[in-house]
Amino acid sequence: NPELTGWLLEVLRVMSQGGPEAQAPDALQVKQAAALAVKNRIRKFWTNPNRILYFRDADGFKKALFSLICEHPQIAVQIDTCLCLIACADFPESWPSLGND
């Protein structure tokens, strides 16, 4: 579903924003809301056995999630849940490099 994958990528961009806008009073709340929304979408669509969510660059998306944990610890719990959900759905067939990532 290209609309859903585009939405996920855009929300991922919002979650990773730094710079002056990240210092705004409501920036943390926006990042937390974005992280919760991504987690809920992944739970609903990525873990579905009849998956309708496909990425051209799923590995890049997963790596971006890993980097978010390090760069934005305030949303690490939600991102960790996303990665766990994806790992349960993808490992080992669609994510053989999980131990190396």
Side-chain angles (χ1 to χ4, degrees):
N1 184 332
E3 290 178 12
L4 181 59
T5 57
W7 180 88
L8 279 171
L9 293 172
E10 184 61 24
V11 175
L12 191 70
R13 186 190 63 74
V14 168
M15 290 168 27
S16 65
Q17 282 182 337
E21 65 275 0
Q23 304 307 316
D26 60 349
L28 178 58
Q29 291 86 355
V30 169
K31 286 182 188 224
Q32 289 172 332
L36 285 170
V38 167
K39 178 190 63 121
N40 291 338
R41 290 293 197 270
I42 287 173
R43 178 171 284 145
K44 182 174 182 177
F45 295 107
W46 202 303
T47 62
N48 184 335
N50 303 317
R51 184 185 301 181
I52 60 168
L53 180 62
Y54 292 97
F55 280 95
R56 278 184 266 199
D57 187 15
D59 290 339
F61 181 78
K62 296 169 192 175
K63 287 178 183 175
L65 288 174
F66 272 117
S67 69
L68 278 174
I69 287 177
C70 298
E71 296 168 9
H72 302 281
Q74 66 274 27
I75 57 173
V77 171
Q78 292 85 3
I79 301 306
D80 182 56
T81 302
C82 292
L83 287 166
C84 288
L85 291 166
I86 293 170
C88 287
D90 284 7
F91 184 77
E93 295 86 15
S94 299
W95 201 357
S97 65
L98 175 60
N100 301 324
D101 289 342

* To do: Could you go through the side chain to side chain contact (heavy atoms under 4.5 Å, CB included) check for L36 and K39 one step at a time?
  => CA-CA 5 Å; L36 285 170; K39 178 190 63 121; 3.9 Å; yes
* **From L83 atom CG to I42 atom CD1, the distance as rounded to the nearest 0.5 Å** => 7.5 Å
* **Closest contact, heavy atoms only, P96 versus F91** => O-CE1, 4.4 Å
* **Minimum heavy-atom distance M15-A34, with the two atoms named** => CG-CB, 3.4 Å
* To do: Step by step, work out the side chain to side chain contact (heavy atoms under 4.5 Å, CB included) result for I79 and H72.
  => CA-CA 10 Å; I79 301 306; H72 302 281; over 6 Å; no
* **Nearest-0.5 Å distance, OG of residue S97 to CG of residue D59** => 5.5 Å
* Joint hydrophobic cluster, W7 plus L9, side-chain heavy atoms closer than 4.5 Å -> yes
* Asked: Within a strict 4.5 Å, meaning less than it, do heavy atoms of the I69 and L65 side chains meet?
  -> no
* **Atom pair CD/CG of Q17 and L12 - distance to nearest 0.5 Å** => 11.0 Å
* Taking every non-hydrogen atom, the tightest pair across K31 and Q74 -> CD-NE2, 4.1 Å
* Asked: Between V38 and F66, is there a shared hydrophobic cluster once you connect ILVMFWY residues whose side-chain heavy atoms come closer than 4.5 Å?
  -> yes
* Got F45 and L8 here, is their nearest side-chain heavy-atom distance under 4.5 Å? -> no
* Which distance, rounded to the nearest 0.5 Å, do you find between the CH2 of W95 and the SG of C88? -> 10.0 Å
* **Pairs meeting criterion salt bridge (charged side-chain N to carboxylate O under 4.0 Å, His left out) with involvement of residues 4-15, two or more places apart** => E10-R13
* Asked: In the hydrophobic clustering (ILVMFWY, side-chain contacts below 4.5 Å, transitive), which residues join V30, or is it alone?
  -> V14
* Any pair with a residue in residues 71-85 that passes salt bridge (charged side-chain N to carboxylate O under 4.0 Å, His left out), sequence neighbours left out, goes on the list, sorted by first then second residue, please. => none
* Only counting residues at least two apart or in another chain, list the ones meeting side-chain contact (heavy atoms from CB on, under 4.5 Å) with A33. => none
* To do: Taking all non-hydrogen atoms of both residues into account, name the closest pair between T47 and L85 and its distance.
  => CG2-O, 3.7 Å
* So do the side chains of K62 and L98 get within less than 4.5 Å of each other, counting heavy atoms only? -> no
